[in-house]
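Every number for a ligand or one of its atoms is a count from 1 in the order of the listing. Predicted, not measured: the structure shown is a model, and the values here were computed from it. Numbers for residues simply follow the sequence, beginning at 1.
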Amino acid sequence: MTVQNTRIYLDYNATAPVLPGVASAVISALELKGNASSVHAEGRAKRSTIEKARDSVSRLTGSLSSSVTFTSGGTEANTTIVQGLLKSGFISSVLCSSVEHPSVLEHVSVDSRVAVSANGALDLHALEHAIKDHTDPFLFCLMLANNETGVIQPVKEAAAIVHDHGGLLFCDAVQGPGKIHLDFNSLGADFYSISAHKIGGPQGVGCVVSNSNIDLSPVLIGGGQERMRRSGTENVSGIAGFGAAADLVVQMDDFRPIANLRDKLEEALIQVRPDAVVFGQEVSRIPNTTNVAIPGLSSERQVIKLDLSGFSVSAGSACSSGKVSASHVLLAMGVPTELAGSAIRISIGAKTSCDDLRAFVDAWADL
Ligand code: PLP
């Protein structure tokens with residue numbers, strides 16, 4: 001086993017390293033005095049830091065600044081959308097794809113989860129079937145890209161079907177920005193969620209983006225911050241870092257180098273282990289993600305051994321670390337439990353080099 005002197009981080013879908021300028025934006029905001037709700041000069045300076053970041057995030061999402069509500073991250077944004085709509089009475093039921101992130105999935109009963117095909121993409125016929133008898137207003141939740149397999153979901157097509165049946169569509173876009181070209185307006189969802197730490201911003205901040213006139217009932221109530229939509233003193237330094245990351249991500253336009261690296265990685269993996277299985281390869285995926293299984297070798301063993309060799313990868317999603325159960329995403333794709341329990345996720349980013357991946361393949365081949 002090769003012991004690395006320097007570590008190689010291949011877990012960008014868990015958290016992407018901060019982009020240049022993000023840490024200094026966070027520190028500058030931290031050093032400001034005052035509370036953004038105060039009317040004095042210090043309060044107003046904090047407020048303008050928040051509003052500048054809101055403009056940046058709204059440019060990234062092609063939305064009005066007033067549509068962006070800051071939250072403590074993707075999980076809170078997802079909860080705010082689902083629970084806020086239920087609480088407001090605009091919807092009476094919630095359905096979702098069977099591969100959603102747990103922060104969505106766990107709001108939805110098992111029989112309201114819509115199947116995906118073996119390739120990991122939503123089965124649009126299953127969606128039609130699930131909603132055809134819905135006479136009540138409903139919400140369908142469909143993520144933009146799956147955090148474990150990278151599979152890009154047919155959000156635009158699903159939104160058209162859902163709207164035809166009088167429903168609303170919420171898209172968890174957490175794994176999208178910075179990985180693919182995105183035109184949020186043409187996707188046609190009514191609500192989006194984003195998380196800063198997945199795009200090179202700080203952890204603990206995210207947002208809801210509303211493309212709808214419908215007001216979500218607030219889930220956090222109290223001081224009435226964020227135009228009464230989300231109470232609690234704002235995480236101004238986190239929000240400033242989110243804005244700085246959004247300013248850089250909005251300029252990213254060439255994702256081919258990452259896709260080329262990922263494709264070469266997958267070729268090399270199959271060359272050294274022809275029995276390995278790569279999931280979701282048949283459909284469009286975000287270009288940085290590979291989910292691969294070595295039959296007979298558990299995910300945990302692989303992750304631990306790779307860690308000891310200096311490589312950071314994850315078994316399924318980081319959010320499920322600590323749970324020794326096969327990925328719900330792979331199971332929903334019909335992958336046998338034992339094979340699903342042998343899968344690891346490798347997610348790369350701007351700082352990943354060809355040499356990093358060569359070293360990774362050598363270590364993986366030695367497992
Ligand atoms: N949605 C998706 C698709 C994710 O990948 C994650 C985190 O892994 C979340 C939501 C939760 O975001 P956060 O970590 O900001 O709570």
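Of the listed options Q203, M143, H101, H101 places a heavy atom closest to atom 9 (C) of ligand 1. Around atom 13 (P) of ligand 1, the closest heavy atom drawn from S103, S314, G74 belongs to G74.
Contacts between T75 and ligand 1, counted as non-hydrogen atom pairs separated by less than 4.0 Å, involve both the backbone and the side chain. If you look at H197 next to ligand 1, the close heavy atoms, those under 4.0 Å, all belong to the side chain. At a heavy-atom cutoff of 4.0 Å, ligand 1 is contacted by the side chain of N78 but not by its backbone.
For ligand 1, the atoms sitting less than 4.0 Å from at least one non-hydrogen atom of D172 are 1 (N), 2 (C), 3 (C), 10 (C), numbered in the order shown with element in parentheses. With ligand atoms numbered from 1 in the order given, ligand 1 contributes 15 (O) to contacts under 4.0 Å with heavy atoms of G73. Close contacts between ligand 1 and N147 involve ligand atoms 3 (C), 5 (O) [criterion: under 4.0 Å to a heavy atom].
Between F184 and Y192, the ring centre distance stays below 6.0 Å.
Side chain to side chain, N211 and S63 fail the donor-acceptor criterion of an N or O pair below 3.5 Å. For the 3.5 Å distance criterion, the side chains of S93 and D136 qualify, holding a donor opposite an acceptor. For the 3.5 Å distance criterion, the side chains of Q83 and T79 fail to qualify, holding no donor opposite an acceptor.
As a member of the Ile/Leu/Val/Met/Phe/Trp/Tyr network built from side-chain separations under 4.5 Å, V110 groups with nothing else and remains a singleton.
Residues D55 and S65 approach most closely at OD1-OG, 2.7 Å, considering heavy atoms.
Ligand 1 has no atom lying under 4.0 Å from any heavy atom of E100.
The side chain to side chain contact (heavy atoms under 4.5 Å, CB included) test with Y12 singles out one residue from I346, T289, N288, and that residue is N288.
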